[in-house]
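See structure below.
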Amino acid sequence: MTDLHKLYDPRSAQEKWLPFWDENGYFDADVVRDKPSHTIMIPLPNVTGALHMGHALNGTLQDLITRYRRMQGHVALWMPGTDHAGIATQAVVERRMLEEEGLTRHDVGREALVNRIWKWKDAYESRILNQLKQLGASCDWRRTRFTLDEICSNAVRRTFFKLFGDGLIYRGKRLVNWDTFLQTAVADDEVFHENINGHFWTFTYPVVDSDERIAFSTTRPETMLGDTAVCVHPSDKRYAHLVGKNVRIPLVDREIPIIADGLLADKELGTGCVKVTPAHDPNDYACGLRNNLEMINILNANGTINENGGEFESLDRYKAREAVVAKMEELGHFVDVEDRQIPIMHSDRSKTPIEPYLSDQWFIRMDNLAQNAMDVVDDGRVSFFPARYAKTYMDWLGEKRDWCISRQLWWGHRIPIWSKTFNGRTTDIPSLEAKAMLAEDGETVVFTDELAEQLSGRYTTTDDGELLLLCVNNGCKELELQLEAAGFEQDEDVLDTWFSSALWPHSTLGWPDLEQNPPLNNEPDASSTSKNNVLDYFYPGSVLVTSRDIITLWVARMVLTGLYNMGDIPFSHVCVHPKILDGFGAGMSKSKGNGVDPLDLIDRYGTDAVRFTIASFAGETQDVRLPISYECPHCEELIDPSHYKLGKLEVVVPKTLKGEFPVPAGEPKPVLVCPNKKCRKESQFSTPLYDADPDVPVARMVSERFEYGRNFCNKLWNASRFAMMNLEGYTSGPVEENDLQLEDRWILSRLSTTATELQVLLDKYQFDAATRVIRDFTWNEFCDWYLEMVKPRLRDDNQRTTAQRVLVTVLESLLKMLHPFAPFITEELWQRLNEMAPERGLPQPIAATESIMIAPWPELPHNWQSSALESRFVRLQETIVAVRNIRAVYNIPLSTPLKLHIRCNDLVAAEMRDVAPQFDNLAKTELGDVGATVQRPSGSAGFALGDADGYIPLEGIIDREAELERQQKERDKLTGFITGHEKKLSNRNFVSKAPDQVVAEVRETLAGLKNQLESVEQIIRDLS
RNA sequence: GGACGAUUAGCUCAGUCUGGUUAGAGCGCCACGUUGACAUCGUGGAGGUCACUGGUUCGAGUCCAGUAUCGUCCACCA
């Protein structure tokens, strides 16, 4: 009848349906004018490494929404792609190059390094895309983009050009976080603070023309070389007489002023006097700007002291620190030193200390751009789910801090600025715009009119007038060649990686090319339309799904550039989902190396199980802890990572992973020994930090939490299997109203109610609640009650037809509702159902689609829902449970038949008789006397339900004492509740102040409880 | 230092927005149960003074204030 195996086999379903969907183009999203579009842009993963469970959560939710909307009739585009991730990727490749070959980027040069990074990118991009595909992601893969590809680069350069032309890009010397190892500026969000043991020195500077000395403290003595003032608080009487005088820096013999600045100096701290090094400290920098102080840079890019450091030149800054201290001591200006914990900024990428450093950078003016991005949230055009995250967004944008967009890296979008040393001939500049000419060493370089036009208004000079800077528009090779010929050079720096990802929602759709659609990867030349209708149709997008840590870095900037380039928001909803933490509560990240590869889990539990479990995590508040174990590849024993030793290296897998996990370099990789005494075999283990050796058994990372999803899938599988085993002779057609039994009406009511609830929850992005609703319906209602109740009718020729039609209807709708959560198993079951019941559904059967992916979302009649019917059913359930309870308490096996008498009113009695066969079916109990006059037979166990009392004669089986005790316990419980209610009702304030409805409810409940109590007491009297 | 979130059963989490009978689920635990949907299962059960202290209210897990602990983000620390 059916060849379904008892266990669902996820692997075979995945292998079968992924290619099927792909070949049929179900993932493809093309413009269909009379259908609504639904667009999700993937939060582009970095190509630094493989995806972890955080990405799997993110991807699952996006695919869930995409499949849901697709079934609802949208053209649902999910745009895939990856991010070059500038500094992160370059750092990974550089680190590996250094470890494996001992080479730095300066050894190999720009071109070779960039080539190496491209190779890395190719490897990881395909690995990432494969991970997404294995997850069932229904992205339009033909549209896969990469932030450095031609389409994206085009958008980057056009945006830069536009910003430059609008005067929103400027260059200036700014204090940046300088990574002396990578020799690059690092963004504020790419640094972390760490306390290290340091010292707190106190020195003095001599006041000029005075015998006085002024004392100050510092943790970085070498910065004295760059001091250009000392500062006191304006109201500090101790120093008031010194303000305006000068001090001499003994080390370099420079005279600097004593100034008063209330923002910098704090009377309570240290000596109350602070030295000012504007070029090497953020606060001092701000102070320097306020007071027009000189800014002396004392560092080279590599962290050594430069020529401004006098005799300390070319010493590393830490060596210089010692030398400076020694010199000051020698000169008699040392006061004291104490040990102190000092928070030091470190680069997230190189893990080395940051130096504040004055350097040339490009900036975007944020005032208006940020304001516009704030306005669209204010007026509700963009909304956050949950709403509180709008605050994060607004607070950050509200600062309107200019965006430093240049990075001293080789991997990224090179800044489209060409510059030339101008030897002071700044007066020639206006003539450039007028004549499109540039005088160069007596020669005249002439730009064509067309090219000159492009440069019109797109130049600037540095503050000192030494450089002429030109911003070059997209792909203008000719102009670039002419510029080169004229001695111009392109800026060495690249753009902040967020610059290109900020454009993602429109760049991927082909902007700024409004003439033709962006090419598809599998048909690169097929872009022949006269208009880019893809951009039109899919922009603005629908919802952005992301985790909260990039609301500022990414979400805000997408809104900002979307408004600037497109004049419209990039998406109307932002769905912020929880973070996946490791078992110790730390966030998973590629750099920490504590990520769990979703493929490991998919391997063990199946994709659908992983997706379903993951969706059940996605609530509104809590982050999700994911404790993991390793699975011994030899015996499948689970190995707890927190206490097990790693073979020969004697390393315990760390409790907290802070990037200090041992990465083997040329050494044998750590080995895990199975704790199972019968096994004791060795294996390597899955880690994102390096690949295991080939041909060695690898212990997968697993997490028992995913058994939740696996068990559910298996339950669904078996319920469907049961249904299909009972479809023999199935015919399609409507059902007669009179043929519908209580359980049919009930399950259809529950189905319709569940579908409504599910839809409401999905529309609010409450995935955790959605999984609960659908799971509870499937397991607790469909399987536990409906299937059990319908079994006898499926064996009865006269009743089978209606039962089959209802059963198939419910199953079909259930599969459809579950498809966005669990695409593979639902497709597998759909296909099998298609073979047995190609036409199905109520109230009117229709032909099923060839794939569940393209099936319409269930729209079930609302009038199926009946709360009266559902409460009637609840009474039946309670009665059955009460009987089962008695069986369990007295240990009466199912093989012993029971008889049940019920005392109740006529209405309930009629209902009970109506479902009499179910007592036998579900509890192996025969329904005996039912009605208002039923008396409790002696020697029986009983139960009271409020509107019905049940008696089960157990003469000879029942233990009178035990039954008495049981009933007394029940009485005490009821008495407690009743006392509580009576107390409430006797409170005059409650009766007068609480809403009438609440009071009435309490009275009603109390009456019910009293009824129950009366019945119980009756039983007790009988027993005694 | 600021912002946001969390603290509920042994574990992982719902429920709090919108206060109202006996606070739920999954896993784990206990007892019983396998000749056809499912042991990745079924039936029944035990297990929680809802972090703490105050307040508001007829009534607080739910609202308010404060405290403690944890997490995340932001800022700062001569």
Side-chain angles (χ1 to χ4, degrees), chain A residues 2 4 6-8 188-189 193 200-202 216-220 223 230-231 264-266 269-277 281-284 342-343 386-389 391-392 395-396 399 548-549 551-552 578-579 581 585-587 605 609 613 616-617 619-627 704-705 707-708 710-726 768-769 772 775-776 780 783-784 787-788 791 881 884-889 891-894 923 973-974 976-977 980-981 984 987-995 997-999 1001-1002 1004-1006 1008-1009:
Chain A
T2 174
L4 266 66
K6 276 168 78 165
L7 285 184
Y8 168 56
D188 286 346
D189 32 75
H193 292 86
F200 187 71
W201 284 273
T202 302
F216 57 89
S217 300
T218 179
T219 58
R220 293 189 297 155
T223 59
V230 295
C231 175
L264 183 66
D266 182 335
L269 283 173
T271 63
C273 171
V274 53
K275 64 192 217 50
V276 188
T277 324
D281 180 276
N283 294 313
D284 293 6
I342 301 164
R388 71 186 126 90
Y389 288 112
K391 186 173 156 51
T392 309
D395 287 352
W396 186 78
E399 290 177 28
R548 65 177 172 278
D549 39 9
I551 288 173
T552 53
K579 296 176 64 148
L581 312 176
Y605 303 104
T613 308
S616 79
F617 292 160
E620 294 210 310
T621 49
Q622 296 259 62
D623 288 337
V624 183
R625 268 184 195 223
L626 197 61
E704 289 172 88
R705 294 194 67 183
E707 287 175 12
Y708 177 77
R710 183 197 56 184
N711 294 355
F712 177 68
C713 286
N714 201 53
K715 188 71 181 177
L716 174 69
W717 178 257
N718 276 293
S720 307
R721 182 166 159 257
F722 167 77
M724 290 185 222
M725 288 166 86
N726 286 284
D768 60 335
R772 270 195 300 280
R775 180 189 186 279
D776 287 350
N780 303 342
C783 292
D784 288 351
L787 289 185
E788 292 306 325
K791 274 177 181 175
V881 168
R884 286 172 176 167
N885 190 348
I886 287 170
R887 270 198 191 278
V889 168
N891 225 333
I892 306 165
L894 280 172
K973 205 166 113 191
L974 285 166
F977 300 153
H981 282 69
K984 195 173 232 184
N987 180 343
R988 210 166 291 156
N989 282 324
F990 173 69
V991 180
S992 62
K993 291 189 180 170
Q997 198 199 332
V998 171
V999 178
E1001 274 170 18
V1002 174
E1004 202 181 318
T1005 309
L1006 180 62
L1009 288 170

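No hydrogens, no waters, no symmetry mates; every other heavy atom, side chains included, goes into these values. Labels below follow one simple rule: chain letters A, B, ... track the order of the sequence lines, proteins then strands, and each chain is numbered from 1.
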- Task: Mind checking the CG-NZ spacing from A:Leu1006 to A:Lys984? Nearest 0.5 Å is all I need.
- Result: 11.5 Å

- Looking at every strand, decide which applies to A:Arg775 at a 4.0 Å heavy-atom threshold: base, sugar-phosphate, or nothing. sugar-phosphate

- List RNA chain B stems (3 or more consecutive Watson-Crick/G-U pairs, under 3.5 Å)? B:1-7 with B:68-74, B:10-13 with B:24-27, B:29-33 with B:41-45, B:51-55 with B:63-67

- Sugar-phosphate, base or nothing in reach of A:Phe216, heavy atoms under 4.0 Å: nothing

- Task: Keeping the roles fixed (side chain from A:Arg887, backbone from A:Pro893), state whether a donor-acceptor pair exists under 3.5 Å.
- Result: yes

- For A:Leu4 and A:Arg721, which heavy atoms make the closest approach, and how far apart are they? O-NE, 3.1 Å

- Query: Do A:Phe990 and A:Val998 come close enough that some side-chain heavy atom pair is under 4.5 Å?
  - Reply: yes

- Query: How is A:Val1002 classified with respect to the nucleic acid when contacts are heavy atoms under 4.0 Å: base, sugar-phosphate, or nothing?
  - Reply: nothing

- Message: What is the separation between atom CD1 on A:Ile886 and atom P on B:rG44, rounded to the nearest whole Å?
- Response: 13 Å

- Query: Does the side chain of A:Thr271 come within less than 4.5 Å of A:Thr202's, by heavy atoms?
  - Reply: yes

- Please state how far atom CG in A:Asp281 lies from atom P in B:rC76, giving the value in whole angstrom units. 10 Å

- How does protein contact run along nucleotides 30-43 of chain B, one letter per nucleotide 5' to 3', with B for base contact, S for sugar-phosphate only, - for none, heavy atoms under 4.0 Å? --S----BBSBSSS

- Item | Carboxylate-amine/guanidinium proximity below 4.0 Å for A:Asp776 and A:Arg772 | no

- Message: Distance check needed: B:rC73 P versus A:Glu399 CD, whole Å only.
- Response: 16 Å

- Would you classify A:Cys713 as touching base, sugar-phosphate or nothing, given that sugar-phosphate means primed atoms plus P, OP1 and OP2, and contacts are heavy atoms under 4.0 Å? nothing

- Less than 4.5 Å apart, any side-chain heavy atom of A:Asn714 and any of A:Tyr8? yes

- Task: Write down the distance separating the P atoms in B:rU22 and B:rC4, rounded off to the nearest Å.
- Result: 35 Å

- Rounded distance (nearest 0.5 Å) linking atom CZ of A:Arg710 with atom CG of A:Leu7: 9.0 Å

- Item | side chain to side chain donor-acceptor pair (under 3.5 Å) involving A:Asp549 - partner list, sequence neighbours excluded | A:Ser547, A:Lys579

- Are side-chain heavy atoms of A:Thr218 and A:Lys275 found at a separation under 4.5 Å? yes

Can you name the atoms? Protein N/O to nucleotides 9-13 of chain B N/O, anything below 3.5 Å, with the distance.
unit_1	atom_1	unit_2	atom_2	d
B:rU12	O2'	A:Arg705	NE	3.2
B:rU12	O2'	A:Arg705	NH1	2.7
B:rU12	O2'	A:Arg705	NH2	2.1
B:rC13	OP1	A:Arg625	N	3.1

- B:rG59 to B:rA23 separation - C1' atoms, rounded to the nearest Å: 16 Å

- With P as the reference atom in both, quote the distance from B:rG26 to B:rC70 in angstrom, rounded to an integer. 32 Å

- Those residues that, when tested against A:Lys993, pass side chain to side chain donor-acceptor pair (under 3.5 Å) (two or more places apart): none

- For RNA chain B, whose closest nucleotide is more 5', that of A:Tyr389 or that of A:Pro282? A:Tyr389

- Message: I want to check something: taking the side chain as every heavy atom from C-beta on, are A:Arg705 and A:Val624 in contact at a cut-off of under 4.5 Å?
- Response: yes

Give every pair of a protein N or O atom and an N or O atom of nucleotides 54-59 of chain B that lie under 3.5 Å apart, one pair per line with the distance.
unit_1	atom_1	unit_2	atom_2	d
B:rC58	OP1	A:Lys993	NZ	2.3
B:rC58	O2'	A:Asn987	ND2	2.6

- If you count the non-hydrogen atoms of other residues, nucleotides and ligands that lie under 6.0 Å from NZ in A:Lys973, is the total more than 12? no

- Find which nucleotide of RNA chain B each of A:Leu974 and A:Lys391 is nearest to by heavy atoms, and output the residue with the more 5' nucleotide. A:Lys391

- Distance, P atom - from B:rU72 to B:rC52, rounded to whole angstrom: 25 Å

- Taking the side chain of A:Arg548 as heavy atoms from C-beta outward, which of B:rU22, B:rU72, B:rG20 is closest to it? B:rU72

- Query: So, A:Asp623 side chain and A:Pro578 main chain: donor-acceptor pair closer than 3.5 Å or not?
  - Reply: no

- Considering only atom P, compute the distance from B:rA6 to B:rC63 and round it to an integer number of Å. 10 Å

